Structures are given as C-alpha cells and as structure tokens.
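Not measured: the values here are computed from a predicted model. Throughout, a chain's letter reflects where its sequence line sits, starting with A, and its residues are numbered from 1. Computed from heavy atoms alone, side chains included, the values below leave out hydrogens, waters and symmetry copies.
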There are 4 protein chains.
Amino acid sequence: MKFNKPKAIYMQIADYICENILAAELKGGDRIQSVREMAAQVEVNPNTVARTFSYLQEKEIIFNKRGVGYFVAEDALERTKAIKKEAFLKNYLPEVFKMMELLGISFEDLQALQKANESAAS
Amino acid sequence: MKFNKPKAIYMQIADYICENILAAELKGGDRIQSVREMAAQVEVNPNTVARTFSYLQEKEIIFNKRGVGYFVAEDALERTKAIKKEAFLKNYLPEVFKMMELLGISFEDLQALQKANESAAS
Amino acid sequence: MKFNKPKAIYMQIADYICENILAAELKGGDRIQSVREMAAQVEVNPNTVARTFSYLQEKEIIFNKRGVGYFVAEDALERTKAIKKEAFLKNYLPEVFKMMELLGISFEDLQALQKANESAAS
Amino acid sequence: MKFNKPKAIYMQIADYICENILAAELKGGDRIQSVREMAAQVEVNPNTVARTFSYLQEKEIIFNKRGVGYFVAEDALERTKAIKKEAFLKNYLPEVFKMMELLGISFEDLQALQKANESAAS
DNA sequence: GTGGTCTAGACCACC
DNA sequence: GTGGTCTAGACCACA
C-alpha cells in the first residue's frame, strides 16, 4: 500500500477500509484483521493502525470485542455512506462548483472528463 | 475573514487573491495591499501574509518591486487559470468521480445539487 | 447475557454471581454450575469463566472440591457484603459526591431519580 | 499530579481539565497550556497530553487555533456538564442504587456518609 | 513557538 | 492471541 504525503497515513488506512465497506467487500459482522496483522500488511507501525481503528470505532463504523478483535458494525454501510456523503456535500462540492464557474467548465465537459478518466484507469 | 477550514491559512488567503484575479477584480499590473495592510484587514499575523505573497510570487502570479510593493503579473489570469485547472483535474476530480460512484450520485443529481447550492448562497 | 460495559467480562460474571448470593438465591454450600456449563450459558470462553471462579475463590466467596466442582462458602453472604460495601465506600461514593457537587444535584433530586429508575426497570 | 492505575492517564488529565471548567476556573475563550507545557507540569510524555487534547477537542470542549494553541470552547461549561451528567446518570447511578439496595443503605445513611466524607477531606 | 504524525519498543489486562 | 496505553524521540507544516 502506498501513501501520499498530504493526508495522514492513519486516515488513508481508514479510507481504505471504508471503501471496502462501501464496495461490500466488508460486511456487517465481519472480523477485521488484527492491529498487528494489518500493520504488517500495509507496512506501518502498529500504533498507526491502532489509531485508525480507534478513529473508526469512534465513528461507530467498527466495534471491538474484548480480546478478540475488531468487527464491522451491522450498520457500517449506512454510517459510512452518511459520513462520506456529508463530507462530500460539505467540503468537496462547493469547491467543485466554484472551480467549474471560475474555470468555465460545464457539465458536458465534466462528463467527458469522467469518461477520459475511466478509460485511463482501465 | 474566517479561517475555519482545515486548509492552511496562508493558502486560504492565496485562494482569496486568486479568486479576485479570476474574477478580474485584480488585473495585470495592479498593486496589491502591503503585507501589513492585508494582515490587518484579514486579522492574521503579518508573517502569514508574507508567506502567502512568497507562495504567489513563486508561482509567478505576483511579483515584487523592491521597496514599492507587490504587483499582479501581466499574465496572472492565464497562470492562475492554468494552475487551478491542473489542481482541479489532478486532485479534485478523481476524488469526486470516486465519490459519485461509491455513493451512487449521478450527473443529474449533481446538477440539482448545484442549483440548490446557488440558491442557498444567494 | 450481554457484556457491553467497559468492565472486564470475567468481573461482570463475578458480579452476577455475587448478586445471586446477596439475593439469597445462592446459599452457603450450594453447588455452582461447572465452568463449561456456565460458559455455555453466558456464551463466553470457558477460560473466562475459569478466571471468574478463580477470582471468587481468591476472595473466599466460593471454594473448590477437587473433581467435584465449586461451592458457595458458608459465610459467602457476609464476605460478599463486606467486599461490596468496602468497594462502594471507597470507590463509588467519593465520585458520586463529587459529581453531585459539580453538577448541583441534591439528595432530593437523587431520591427522585431513584424512583424514576425503579419504575423504568419494572 | 498523581495518577491512579485503573484509569488511563490521558483520561485523568481530561477529567482534571473538565473539573476546572466546571469550577469556572477555566472559562470560554481561555487559552490552555500548550501540550509541552502541560506535559512538563504533570510530568508525562507530550504524546499523552496530545491525546487528552485530541479527546477533548473531539468532544468539542476545547478547540484549536492553528499554530497558536488550544482554547476553551464558549459553551464548554454546558457541554461538560451535559457529558458528565449523562455519564453519571447512565453509568454511576444505577450501580449506586443497586448497591444501596443490596447492602441495605438508606438515603439517611448516605447523607451521614457524605458529612463524614466532607470532614475527612477538610 | 504551536500542534500533528509516525516510529520503535515496552508493559499491561483481558480472552 | 487480542487491543490499550505509555514513553522516547524524531520530523513536519504552520503561525
């Protein structure tokens, strides 16, 4: 796993888990890797993963069974969607609309860009 | 001026100036407020404004006449557009498209949101 | 049985047994369920129940007949009361009084809360 | 400052700050010691204090001015009271009432204990 | 100067 | 085995 500088690593790991939840690869009740396992896998310090889990638990996306491990909350999908959606609407969209206006980008342009983006990814 | 966002304050001030340039309220050759004036106006430490100017100068959007002050570059509009556009395409859009897919937001939804956004702002 | 509290599970089980003793549902000489039985009943790892019994034995509330099982001590009621009382006076009360002062709760309020609590439980 | 084992140090520091707020020794807008200052004063690692502040910020009891420090929120008193009160009613009181019933302690006893407690403290 | 993050390594209670 | 906490020390961006 590769990490970009501007965002904190522990948040990037959180995002990664959230994406798995949104993609239904992680479902309610599923056990998550242990702190140490995930730390080894993504090659970071266990403390950093612990921070990620603590953050997600705070958001009630995952929960903890004492001495057993972390599990995906039953309503994780809904919560994750709600949180991401709120962040998207509040932080991203206004910026996007402002940009579109300032730069003179129309919705047609946007759609074209998306297609270009998709084909670049594939 | 309020600085609640996670973004660095000096960058927020830079954005503010860029927006004025894009809106043609600041044109090539115009003199910009002095560091101290602007610091007083936006209620911020002069060092912070100095950093903003230094950043914009490095991007060649403004330039410095020793002992006189800072001035908007002749090609500031084009440069600003180019920089913002690049940042938009590279940093924002992919994230936006990912979000739209994960959250199931269509372009029609987006357009509706924009209208709601505009009427809220007015 | 649910274990949501921050308290360690083995202690919650111990509390549960102590309450039965204080309520005279378990009397001196009574045999207690085996580790495996109780583990199955409360849906917990047998090791956890074993720890509960070990803890209670250390407190001399229950005792062990080798190869037969665990039994409630003859003076279990007195011992349990004494232990709980000490813990109550030492750990709980000072905290409660501090809270009452900080939050401005009087004894009259407390009595009212108790009644509300009782009716909610019934 | 002395710390008891069962509770995490960073939470004990948080409690200490909350008590100062409840006692009106810290008011809305007041600046709090810097992470390093407080760490030196209470003789713990700066990381531990950082955790405390992060926790209190999450609870919106304090907030951060970038590069300046932490400040008490304007509504800190209300928030703190609300949080403490909720914890008291939800976690402490039921336990207290259960104890009083099991041990046969009346409200008169409780009041007598409080007086004893006060004189012991003075 | 401020806080934010990360690493490394340790100890603990709990299951 | 699990997570939770703490220490020590480092580096960074920001004001």
Side-chain angles (χ1 to χ4, degrees), chain A residues 3 5-13 31-39 42-57 62-71, chain B residues 3 5-14 39 42-52 54-55, chain C residues 3 5-14 39 42-52 54-55, chain D residues 3 5-13 31-39 42-57 62-71:
Chain A
F3 300 107
K5 286 176 288 184
K7 220 175 194 174
I9 292 180
Y10 83 94
M11 284 300 285
Q12 294 183 51
I13 300 175
R31 183 173 181 279
I32 303 182
Q33 288 170 301
S34 79
V35 170
R36 291 173 180 86
E37 279 171 4
M38 182 162 284
V42 302
E43 294 175 308
V44 298
N45 188 289
N47 282 335
T48 304
V49 176
R51 184 117 88 115
T52 298
F53 285 8
S54 163
Y55 169 78
L56 290 174
Q57 186 177 38
I62 64 178
F63 67 95
N64 180 280
K65 278 190 195 168
R66 300 184 61 126
V68 182
Y70 278 97
F71 295 80
Chain B
F3 305 103
K5 300 181 193 172
K7 221 177 195 175
I9 293 177
Y10 84 94
M11 284 299 285
Q12 294 183 50
I13 301 174
V42 301
E43 291 175 307
V44 135
N45 190 298
N47 286 332
T48 304
V49 176
R51 197 199 277 236
T52 299
S54 159
Y55 168 79
Chain C
F3 305 103
K5 300 181 193 173
K7 221 177 194 174
I9 294 178
Y10 85 95
M11 284 299 285
Q12 293 183 49
I13 301 174
V42 301
E43 291 175 308
V44 136
N45 190 298
N47 285 333
T48 304
V49 176
R51 196 200 277 233
T52 299
S54 158
Y55 167 78
Chain D
F3 299 107
K5 287 174 289 184
K7 221 175 193 173
I9 292 179
Y10 83 95
M11 284 301 285
Q12 294 183 52
I13 300 175
R31 184 174 179 276
I32 303 182
Q33 288 170 300
S34 78
V35 170
R36 291 174 180 87
E37 279 171 6
M38 182 162 284
V42 303
E43 293 174 308
V44 299
N45 188 288
N47 282 335
T48 304
V49 176
R51 184 116 90 116
T52 299
F53 285 8
S54 163
Y55 168 77
L56 290 174
Q57 187 178 37
I62 65 179
F63 67 96
N64 181 278
K65 278 191 196 167
R66 300 183 62 126
V68 183
Y70 278 97
F71 295 79

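In plain terms, the two heavy atoms of A/Tyr70 and A/Gln57 that are nearest each other are OH-OE1, 3.8 Å. Heavy atoms only, all atoms of each residue included: D/Gln33 and D/Phe53 are closest at O-CE2, 3.5 Å. Across every non-hydrogen atom of A/Pro46 and A/Ala39, the tightest pair is CA-CB, 3.6 Å.
At a threshold of 4.5 Å between non-hydrogen side-chain atoms, the residues D/Val44 and D/Ile13 count as touching.
By the 6.0 Å contact criterion, OH on A/Tyr55 is open, its count of non-hydrogen atoms from other residues, nucleotides or ligands being 12 or less.
Spacing between atom CG of A/Asn64 and atom P of F/dT2 amounts to 12 Å, rounded to whole angstrom units. Going from atom CD of C/Gln12 over to atom C1' of E/dC15 covers 13 Å, rounded to whole Å. E/dG3 atom P lies 11 Å from atom CD of D/Gln57, rounded to whole Å.
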Given Watson-Crick or G-U pairs with both distances under 3.5 Å, what dot-bracket string fits DNA chain E, with | for other-strand pairs and [ ] for crossing? ||||||||||||||.
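Comparing A/Glu43 and D/Ser34, the nucleotide of DNA chain E nearest to each residue sits closer to the 5' end for D/Ser34.
Expressed to the nearest 0.5 Å, how far CZ of A/Arg51 lies from OH of A/Tyr10 amounts to 5.0 Å.
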Give the B/S/- string for nucleotides 8-15 of chain F, one per nucleotide from 5' to 3', where a protein heavy atom under 4.0 Å of the base yields B, of only the sugar-phosphate yields S, and otherwise -. BB----BB
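Applying the salt bridge (charged side-chain N to carboxylate O under 4.0 Å, His left out) criterion to A/Lys65, with sequence neighbours excluded, gives no partner residue.
For the pair D/Tyr55 and F/dT5, the criterion of a side-chain N or O lying under 4.0 Å from OP1 or OP2 is not met.
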